[in-house]
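Lettering follows sequence order; numbering is per chain, from 1. All values below come from the heavy atoms of this structure, side chains included, with hydrogens, waters and symmetry mates left out.
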2 protein chains.
Amino acid sequence: MLTLSTLTANDVDNVNIKGVPISPVKKTDAYHHGNLRAALIDSALAVIIEKGAEAVTIREVAARTGVSHAAPYRHFPDKNALMAAVAKEGFDLMVARMRRRMAAFPDDPLQRLKFCGIGYIEFALDHPAHYRVMFGPGQDPLRASEALKLSSAASFQTLFDAITACQAKGVVHGGDPMAMALSCWAMVHGFSMLVIDGLVQTRAFHSALPAMMDGLVDSLYFGFRPDREPL
Amino acid sequence: MLTLSTLTANDVDNVNIKGVPISPVKKTDAYHHGNLRAALIDSALAVIIEKGAEAVTIREVAARTGVSHAAPYRHFPDKNALMAAVAKEGFDLMVARMRRRMAAFPDDPLQRLKFCGIGYIEFALDHPAHYRVMFGPGQDPLRASEALKLSSAASFQTLFDAITACQAKGVVHGGDPMAMALSCWAMVHGFSMLVIDGLVQTRAFHSALPAMMDGLVDSLYFGFRPDREPL
DNA sequence: ACCTGAACACCGTTCAAGT
DNA sequence: ACCTGAACACCGTTCAAGT
């Protein structure tokens with residue numbers, strides 16, 4: 001599985017100004033050459049998928065990566081910093097997913113808003129390990145790293161811009177866009193958490209999911225008032 | 001602080017068929033007479049409030065309650081069972097809060113639905129310790145105790161009944177009530193989690209909360225479509 | 001019946017020591 | 001520079017032993 005963590009920071013450290021690698025990585029001894037950080041993030045994700053986010057231990061992550069349990073402390077000040085790195089990667093992947101879904105409707109702001117939400121939920125359900133770390137306990141947004149703050153702010157900005165674009169075209173009402181963004185976020189976040197935590201179950205669950213997501217997003221557009229009409 | 005846990009199971013064990021206490025509890029030695037279970041739940045809540053749900057340890061809960069770290073295992077098979085007892089108490093308190101808010105509008109089903117949601121959010125924000133345990137990691141709804149399943153089902157039923165009552169009076173549209181209940185639940189759950197986790201912040205936060213809750217619930221009634229009109 | 005104290009197999013984190 | 005191994009202060013859980 002290729003994730004963002006395979007492509008970030010440490011690879012850049014091995015490239016000089018002219019783009020020529022300084023010390024080519026031997027695959028048999030790769031962790032001594034700078035990609036241990038990325039490997040630790042991938043191992044953490046593997047543990048989360050197998051046993052849940054709260055079961056992650058530095059010692060097991062280190063063992064899976066083939067280093068001693070003290071080695072991760074060369075790359076992360078503590079366990080929380082490792083989890084924050086997972087969360088940052090998650091926000092970047094989520095924004096990419098939302099933008100990809102929105103790109104299918106370059107000229108229809110209402111569809112772009114809808115698929116901003118669809119993309120959000122799809123990411124959460126496709127990457128529950130990332131999502132749990134992004135919004136689970138142990139993430140204190142007040143003292144998060146700047147990198148994490150930037151990535152999470154970008155995801156909110158994507159939603160906010162989709163709403164104001166709709167207002168500019170008059171396809172949604174002219175209320176406070178911040179309040180509307182909060183309603184959208186609460187809806188997709190709540191739904192994602194309920195599904196991930198197993199509180200929403202139906203028979204033929206996976207085949208029913210697209211219709212559930214559609215109904216959810218539409219209910220926010222049409223509302224519950226009785227004069228509802230189809231598009 | 002008086003909580004439900006002070007009133008349940010073990011007190012009943014000390015009362016015989018005719019309602020006469022068999023062994024009056026000495027206050028100086030109370031834990032040897034049946035209320036250790038309730039005391040442990042209250043201690044767990046205190047730890048959650050002080051240090052967060054993931055910081056709860058059996059050893060600290062036991063120490064706060066004045067017993068050895070092995071004593072809790074007389075009343076709970078493991079740590080998870082203690083947390084499940086906290087969650088069950090939470091669902092009971094939440095249903096009580098929702099019903100109390102709804103009772104102010106005995107003849108207005110739309111207001112009852114609205115204040116079902118308001119009561120839900122109020123409970124979550126007033127009892128974040130309970131709420132985190134109810135919906136946090138480590139609660140596997142598939143293998144929860146029957147008591148916990150009953151209490152959580154009762155809270156969902158309260159919402160579902162509020163919706164069908166509105167449909168019977170024609171004050172909301174006639175869509176699938178289960179899908180509508182899911183939209184409501186996702187909205188209030190997502191909002192509660194975002195506020196509890198500190199992802200929603202404004203200056204003058206507490207004074208702004210009632211308006212935010214109102215806007216959130218109203219947005220689900222009116223929807224985002226541009227022909228919105230005030231009530 | 002209910003609780004204690006020691007024990008076991010784990011944690012996160014630190015740090016002197018190796019290469 | 002980067003990693004190791006031992007050490008420390010913690011966990012959850014078990015169990016023989018006490019009252």
Side-chain angles (χ1 to χ4, degrees), chain A residues 9-14 16 21-26 28-40 43-44 47-48 50-86 133 137-138, chain B residues 9-14 16 21-26 28-40 43-44 47-48 50-86 133 137-138:
Chain A
N10 292 286
D11 292 322
V12 177
D13 294 341
N14 287 336
N16 72 9
I22 294 170
S23 56
V25 174
K26 289 186 217 164
T28 55
D29 197 25
Y31 299 150
H32 294 263
H33 293 268
N35 59 348
L36 175 55
R37 187 190 145 93
L40 289 168
S43 294
V47 175
I48 297 168
E50 276 179 40
K51 313 202 233 168
E54 69 283 4
V56 174
T57 70
I58 288 274
R59 295 172 105 101
E60 176 162 358
V61 168
R64 267 176 206 249
T65 316
V67 294
S68 80
H69 60 263
Y73 290 89
R74 290 290 126 199
H75 298 272
F76 301 99
D78 54 24
K79 181 183 172 182
N80 217 22
L82 169 60
M83 299 307 259
V86 173
V133 176
Chain B
N10 292 285
D11 293 320
V12 177
D13 295 340
N14 287 335
N16 71 8
I22 295 170
S23 55
V25 174
K26 289 186 215 161
T28 56
D29 197 26
Y31 299 150
H32 293 263
H33 293 268
N35 60 348
L36 176 55
R37 188 191 144 94
L40 289 168
S43 294
V47 176
I48 297 168
E50 277 180 39
K51 312 203 234 167
E54 68 283 6
V56 174
T57 70
I58 287 274
R59 295 171 104 103
E60 176 163 359
V61 168
R64 267 174 206 249
T65 315
V67 294
S68 80
H69 59 263
Y73 289 89
R74 291 288 126 201
H75 298 274
F76 300 100
D78 54 23
K79 182 182 172 183
N80 218 21
L82 169 61
M83 299 306 259
V86 173
V133 177

Dot-bracket, DNA chain C: Watson-Crick or G-U, under 3.5 angstrom, [ ] crossing, | other strand?
||.|||||...|||||.||

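Note on residues 51-61 of chain B: pairs passing side chain to side chain donor-acceptor pair (under 3.5 Å), not counting sequence neighbours, are B/Lys51-B/Glu60, B/Glu60-B/Arg64. Screening residues 74-83 of chain B for salt bridge (Lys or Arg N to Asp or Glu O under 4.0 Å), with sequence neighbours left out, gives no hits.
When every heavy atom of A/Met83 is checked against every heavy atom of A/Ile48, the shortest pair comes out as CE-CD1, 4.5 Å. Summarising the geometry of B/Thr65 relative to B/Ala39, their closest heavy-atom pair is CG2-CB, 3.6 Å, with the distance given to 0.1 Å. Nearest heavy atoms, B/Ala62 versus B/Ser68: CB-O, 3.3 Å. Between B/Ala53 and B/Val133 the shortest heavy-atom distance is CB-CG2, 4.4 Å.
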Scoring nucleotides 7-19 of chain D by protein non-hydrogen atoms under 4.0 Å (B base, S sugar-phosphate only, - none) yields B---SBBBB----

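Look at CG on B/Leu40: it is 13 Å from C1' on C/dC2, rounded to the nearest Å. Note: CZ (A/Phe76) to P (D/dC2) measures 13 Å, nearest angstrom.
For A/Tyr73, the side-chain contact (heavy atoms from CB on, under 4.5 Å) partners at least two apart in sequence or on another chain are A/Ile58.
A/Leu36 contributes atom CG, which lies 8.0 Å from atom CZ of A/Phe76 (distance to the nearest 0.5 angstrom).
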